[in-house]
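Order of listing sets the numbers, starting from 1, for every ligand and every atom in it. Residue numbers count from 1 along this sequence.
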Amino acid sequence: MSWKDEYKSKLCSMQEAVSHIKSGDRVVVTHACGEPSALLDAMVENAERYENVEIVHMVAMGGAGYCRPEMEKHFRHNSLFLGGSTRKAIEEGRGDFTPVFFSEVPDLLRTTLHPNVALMHLSPPDAHGFCSYGISVDYTKPAADVADIRIAQINKNMPRTMGDSFIHVSRLDHIVEHDTPLIELQPPQISEVERAIGKNCASLVRDGDTLQLGIGAIPDAVLLSLKDKRDLGIHSEMISDGVLELVEAGIITNKRKSVNAGKSVVTFLMGTRRLYDYVHDNPAVQMMPVDYVNNPAVIAQNDNLVSINSCVQVDLFGQVVSECVGLRQISGVGGQVDFVRGANMSKNGRTIMAMPSTAQGGKVSKIVTLIDTGASVTTSRYDVNYVVTEHGVAQLKYRTLRERARALIGIAHPDFRPSLIEEFEKRFKSKF
Ligand code: COA
């Protein structure tokens, strides 16, 4: 049978596609902006059919209807990274959180979770019958490799991304054609504080560096401050629209990368249609599975790798809390520690934790003497290096506890410095 005939034989309605999910199944779903929202909506509409279906994914950008209280009997979410629409279900005990490095999610699926179903969102097949995983290759490709059945929403709006980003029609089990617009993430508003953080981070970036940037206003503010640099490269878990401007201005060229020269290497994308159009059929962007992109040993092959991530709290020893506010889990480790470790092993690598000096409208300091009760440390004091706020840069690696504390107090918000200094003098039995 030709792949075209095979494709036709697997076409079905949305209702039929989700009828292949069975009670008790474990379903792994493509995440972030690549989420197959139409399949998820159909699954939730048919909730009465199922009991105890486990839904596994990282960040949800859609409504996550399966997390609603009335869905408890039908679905249970196993979250690998919490988002706005899934947080409440975990807090209320109707779902679970699994702490896992993003780089290890494929291994988690292979060795421990053994999913029954992979729910995916793909581009239409090319002339050879290959569909692209589009904007979310990360753990979707590994999930497709190990799931018992593969159900795909094929969407003309999904870009055909290059790299290790393809699955042949013959490997799909059930196909639904549905051309909805992809989920978009609009560029954030950048405040004066974030602009200052961006400038301070940019002071640590040199011509020819390869960058990893997280998501949100701080990474975008960093990008704004890089307009006088030359020949930057990208090896990053994700990118958003902010990167495009620097590509168009000829600042991101990937020319001086020590591996994958000439190419931005990424595992997922979150942005607007402009970004999705840019990556379509574009060999300058290599989309690879997350156990390649986020593998610290691969990251480390990039000389001059600068990783920039954000966090919730840093204590005076340099312990970094990035995913909890006290006992409350708000996100996950994502690729933070993967990149911190990779950057630490990279020749001339640098790792930066960038954050505003205060939270909650200036009411609390993010630099604290003790981290909040119940909070988990994400990046340890052994791995941390630069911490950046709007007030400057603190360099912590290979420095004593006393030196670290002094450097961190130096970049804390001035309103909180007196109390931090008081604690410093008590703890270190010496004048600040
Ligand atoms: N004390 C009390 N509350 C705090 C706080 C602190 N020190 N720091 C943050 N918060 C609260 C904020 O007020 C906000 O609350 P709200 O949602 O009720 O408004 C919430 O925590 C989120 O903070 P915010 O600053 O808006 O988060 P963000 O969107 O800038 O994300 C992280 C910051 C740290 C949560 C996010 O970067 C993350 O999850 N990092 C870990 C994963 C990672 O680094 N991945 C790698 C790259 S993708």
*Consider only side-chain N and O atoms of E422 and S419, and report whether a donor and an acceptor are under 3.5 Å apart.*
no
*So, Q313 and D372: side-chain donor and acceptor under 3.5 Å apart, yes or no?*
yes
With the criterion set at N/O pairs under 3.5 Å, what does the list of contacts between the protein and ligand 1 look like, atom names and distances included?
{"from": "ligand 1", "atom 1": "3 (N)", "to": "Q360", "atom 2": "NE2", "distance (Å)": "3.4"}
{"from": "ligand 1", "atom 1": "7 (N)", "to": "V312", "atom 2": "O", "distance (Å)": "2.9"}
{"from": "ligand 1", "atom 1": "8 (N)", "to": "K366", "atom 2": "NZ", "distance (Å)": "3.2"}
{"from": "ligand 1", "atom 1": "39 (O)", "to": "S331", "atom 2": "OG", "distance (Å)": "2.5"}
{"from": "ligand 1", "atom 1": "44 (O)", "to": "Q336", "atom 2": "NE2", "distance (Å)": "2.9"}

*Taking 4.0 angstrom as the limit, do E425 and K431 come out as a salt bridge?*
yes
*If a pair satisfies side-chain hydrogen bond (donor to acceptor under 3.5 Å, both in side chains) and one of its residues is in residues 241-253, list it, with sequence neighbours excluded.*
K227-E245, D231-T253, D241-T272, E248-R274
_ring-ring contact (aromatic ring centres under 6.0 Å, His included) partners for F75, two or more places apart_ = Y50
*Residues that H74 engages under ring-ring contact (aromatic ring centres under 6.0 Å, His included), provided they are two or more places apart*: none
